[in-house]
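Have a look at the structure below, then the notes.
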Amino acid sequence: MVTLTINGTEYSIDADADTPLLWVLRDEVGLTGTKFGCGMGLCGACSVLLEGEITRSCVLPLSSVAGKSIVTIEGLSKDKSHPVQRAWIEESVPQCGYCQSGMILAAVALLHRTPHPTDADVDASMTNICRCGTYNRVRKAIHRAAAASAEGAPKDLEQRGRAGIG
Amino acid sequence: MQNIARRELPMVNRRDFVRAAVAIGGGLALAVDLHAQEGGPLPPRPAGLPKPPSAFVQIGDDDMITIVTPAVEMGQGGHTSMPMIIMEELGGDWQRLRVQDAPAAAVYNNPMFGQQSTVGSFSVRGWYAELRRIGAAAREMLVQTAAMQWGVPVSECSAAHSSITHRPSGRSLSFGSLAARAAQLPVPQQPALKPTDNFSLIGTSPKRVDIEDKVDGSARYGIDVRLPDMLYGAIKACPTLRGKLRSFDDSAAKQVAGYHATVALSDAVIVVAHSYWQARKALDKVKVDYDLGALATLDSAQVSQLLRAGIAEPGAVARHEGDVPTALAGATTMLEAVYEVPYLAHACMEPMNCTARVDEQGCEIWCGTQAPQAVQHAAADALGIAADRVQVHTLYLGGGFGRRGEADYAAQAATAAKAAGRPVKLIWSREEDIQHDFYRPAVAIRFRGGVDSSGQLVALDCSVATSSTPEFAARGGPAFYTGGVADTTYAIPNFRVTGVNKDIGVRFGFWRSVSDSHNPFMLEGFIDEVAHHTKQDPYRFRRSMLQSENGRRQLAVLDLIAQKAGWDRPAPGHFFGISAFQSFGSVIGTVAEVSVKDKVVTLHRVVTAIDCGTAIHLDNIRAQLEGGMVYGLSAALRGEITLEHGAVRQGNFNDYPVLMLAQMPRVDCFVVPSSAPPGGVGEPGTAPIAPALCNAIFAATGTRVRSLPLSQQGFSFAVKRI
């Protein structure tokens with residue numbers, strides 16, 4: 001049995017120790033917002049925040065996250081109110097949307113590290129794959145969220161970071 | 001707005017699904033049973049009659065409007081554009097909208113081509129007239145009900161914001177309060193349509209209905225379905241294309257914790273287990289003996305050789321105007337060039353998957369699909385039961401691009417579920433997804449052009465060779481794979497297109513923009529060669545061939561993109577390439593702006609314009625232009641599927657690289673205002689970037705790229721946004 005905290009709730013997971021966290025989240029816990037895209041950590045669809053750091057969960061065995069704290073897309077807010085989610089809605093970023101859980105969390109992690117990222121910062125950090133080609137709107141939404149947070153709630157992001165939820 | 005039916009789908013059984021749907025439908029529900037599988041097939045509908053509104057619109061006494069969309073949602077906006085058309089005529093309040101996917105049923109066959117498929121950029125243009133009629137019919141029934149209640153003439157009543165208002169007195173009644181009684185009225189067969197000048201929704205950009213679900217993880221894709229008692233399946237198919245399973249040894253697989261069953265298909269093995277990870281681990285331990293099959297020695301060099309032989313063969317004539325051989329012989333200047341492109345994979349973000357439940361009553365399927373009836377029939381055929389015993393639940397697609405028009409995974413999942421005796425969610429690995437795709441074919445074209453002394457292209461001969469083509473026979477007209485060249489709008493007095501299908505045996509796939517993903521690249525490249533060779537400006541050379549009425553729309557798009565790009569004034573060290581053509585009933589054009597140093601290409605900017613007739617959702621069109629461009633650019637830069645010993649060499653995003661955010665150019669998209677009937681939007685955006693980019697590279701370097709991807713031609717790629 002492995003115990004870990006997901007979106008603030010403690011879980012005891014009974015699964016093979018080598019089960020990637022991705023499949024623990026999806027199949028054992030029932031949180032299907034984190035997606036399977038490649039199984040090799042190449043595409044980022046499986047991204048979660050592990051102790052506040054952006055991490056690809058498809059190559060992360062359960063045994064390595066014992067006692068750790070994880071935030072998935074479902075844990076960002078109860079009501080789509082996170083500044084990044086709001087920016088994503090306002091810029092109409094998603095098309096098919098399958099990559100967007102990972103994309104949003106990557107953006108959250110970027111903005112936590114770098115509250116006012118340049119385009120070069122965005123290029124370097126946002127390596128999630130999107131086959132629908134939403135990239136320019138992703139960039140625009142990140143800048144929008146950064147501006148909104150500058151006006152609104154920089155402390156909110158900081159507090160989330162300390163709590164390990166980006 | 002919430003799609004409540006979608007949220008309920010994953011954990012309910014079939015009876016609950018029907019009950020929930022009836023509850024939503026309480027109100028304007030006219031006779032037709034949406035969920036016919038419960039009681040038997042829908043009565044056959046005579047061709048040509050209007051479709052019943054009740055299959056598409058249901059208004060509850062709670063004033064919620066449930067629209068059943070005949071187009072699926074794969075990111076192209078199908079769940080938004082279809083309802084917009086109905087709601088415009090209906091006068092419904094957009095905030096009260098709920099959207100459901102259609103079940104597999106003939107009433108949802110696209111009027112334009114008679115199938116229930118979200119393909120071919122056909123949804124808006126095929127459904128536009130019919131959905132307007134449906135919305136208008138429902139509106140008239142509501143108006144009539146209100147008018148009867150008030151005792152006033154129908155002509156004094158209007159519908160807007162989900163209310164009927166009597167204009168002279170200002171009285172109003174909500175749709176919800178009228179719906180049940182309106183349902184008793186006969187359906188008007190020829191309702192009056194709104195004058196297009198009065199459109200208040202079509203042509204705007206309301207919030208897409210799926211956006212909110214897609215930012216918090218609540219959007220459900222096929223891969224997310226969870227059923228009581230469900231098991232998981234992992235699959236591996238014979239690595240060589242068209243190879244078969246001979247035998248297998250699953251003794252080691254059975255030792256893996258969670259193992260449930262091994263299911264043999266004709267060409268693949270599925271292991272079913274209690275979790276997907278356990279199924280994968282067990283599958284890896286299955287030893288399989290394959291009959292590698294007739295393609296086991298095929299490699300990409302042979303494919304190329306076959307195509308090069310094909311372009312030299314006489315071929316079926318797709319088009320012949322004038323007398324090409326004579327005109328070529330008499331031309332002042334003759335040019336010849338051969339273009340070639342490789343196989344391409346779809347690489348949808350969501351790997352192929354399907355969930356099936358089989359019992360004595362029949363079968364239920366859950367998946368993202370562009371073609372619910374194809375899924376229905378594939379599962380029925382695999383199980384040996386009648387199609388009407390198969391119920392299909394369509395969910396959001398994590399990418400379609402034509403791949404999810406196929407139903408191979410439905411047959412697999414149904415077979416696995418029947419063998420396992422429990423519901424099975426079958427998930428393909430990314431490697432299986434890339435190595436067992438339905439591929440965009442490898443194609444070559446040999447061009448021979450003849451130019452007269454005045455610089456006019458007087459003769460053009462195009463010999464097309466394809467490596468695969470769809471199974472359906474062309475219903476007359478030019479061969480399928482000559483689309484995008486045979487139907488060119490350029491006025492060329494002597495013009496011939498012939499085609500040969502070398503039919504190598506690799507499965508044909510509809511890939512976003514289909515034949516327009518390769519033929520316009522090649523034709524527009526050759527046209528550009530002719531222009532440069534005869535020292536004519538490529539933009540003005542194209543203009544000269546678009547002077548008739550037939551070329552009017554394309555000329556307008558060409559002029560627009562040249563103007564927006566600043567064609568005559570590139571920045572120092574920057575070069576332009578241009579391409580424009582008709583595509584899926586629209587006209588699309590692109591200018592690419594590059595600079596090149598030591599074969600490193602910097603793509604600064606892309607300017608794209610579309611004339612798609614009446615625009616439904618303006619922002620979505622721009623998103624489709626940009627997203628479609630990315631799909632095409634990705635392929636042009638590094639996309640190729642190669643074969644070795646009959647097997648696909650690529651397997652994941654490390655060896656089938658796709659475009660990344662850091663490689664994005666600046667993109668400016670323009671939609672030509674028009675009140676003409678709608679043209680296609682989902683696919684045209686993919687087609688013009690390859691020719692525009694390669695034409696720009698020639699302008700910058702003098703090197704003509706006639707073969708893709710660019711990475712194989714020694715070019716690499718940097719991006720700098722201006």
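By convention in this document, chain letters (A, B, ...) are assigned in the order of the sequence lines, proteins followed by strands, and residues within each chain are numbered from 1. Since we're looking at a predicted model, the values are computed, not measured.
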- prompt: Is there a side-chain contact between B/V215 and A/Q100, using heavy atoms and a 4.5 Å cut-off?
  reply: no
query: Using a distance-only test with no angle check, is there a side-chain donor-acceptor pair under 3.5 angstrom linking A/T32 and B/R226?
result: no
task: Tell me, out of A/I73, A/V93, A/L31, who's got the most heavy-atom pairs with chain B below 4.5 Å.
output: A/I73
query: Between A/G37 and B/P351, which heavy-atom pair has the shortest distance, and what is it?
result: O-CG, 3.9 Å
message: If we define contacts as heavy-atom pairs under 4.5 Å, which of A/A45, A/G97, A/G39 has the most with chain B?
response: A/G97
query: Are any non-hydrogen side-chain atoms of B/I223 and A/R26 less than 4.5 angstrom apart?
result: yes
- prompt: Side chains of B/Q624 and A/Q95: do they bring a donor and an acceptor to under 3.5 Å?
  reply: yes
- prompt: Who pairs with B/Q370 by side chain to side chain donor-acceptor pair (under 3.5 Å), at least two apart in sequence or on another chain?
  reply: none
message: Less than 4.5 Å to any heavy atom of chain A: does that hold for the side chain of B/D619, its backbone, both, or neither?
response: both
query: Which atoms form the tightest heavy-atom contact between A/Y98 and B/G398, and what is the distance?
result: CB-CA, 3.7 Å
pair A/C96-B/Y396: side-chain heavy atoms closer than 4.5 Å: no
pair A/R137-B/R622: side-chain heavy atoms closer than 4.5 Å: yes
task: Taking all non-hydrogen atoms of both residues into account, name the closest pair between B/Y221 and A/K35 and its distance.
output: CD1-NZ, 3.6 Å
task: Answer whether the closest heavy-atom distance between the side chains of B/M349 and A/C130 falls below 4.5 Å.
output: no
- prompt: Any Lys/Arg nitrogen of A/D16 or B/K281 sitting under 4.0 Å from an Asp/Glu carboxylate oxygen of the other?
  reply: yes
Min side-chain heavy-atom separation A/C132-B/F401 under 4.5 Å: yes
- request: Please look at B/I434 and chain A and tell me whether the side chain, the backbone, both or neither of the residue comes under 4.5 angstrom of a heavy atom of that chain.
  value: neither
- prompt: If you look at every heavy atom in A/R131 and B/Y631, which pair is closest and at what distance?
  reply: NH2-CE1, 3.2 Å
message: So which residue, A/A124, A/P94, A/C99, ends up with the most heavy-atom pairs under 4.5 Å with chain B?
response: A/P94
message: Using 0.5 Å steps for rounding, measure from the CD1 atom of A/I89 to the CD1 atom of B/I211.
response: 8.0 Å
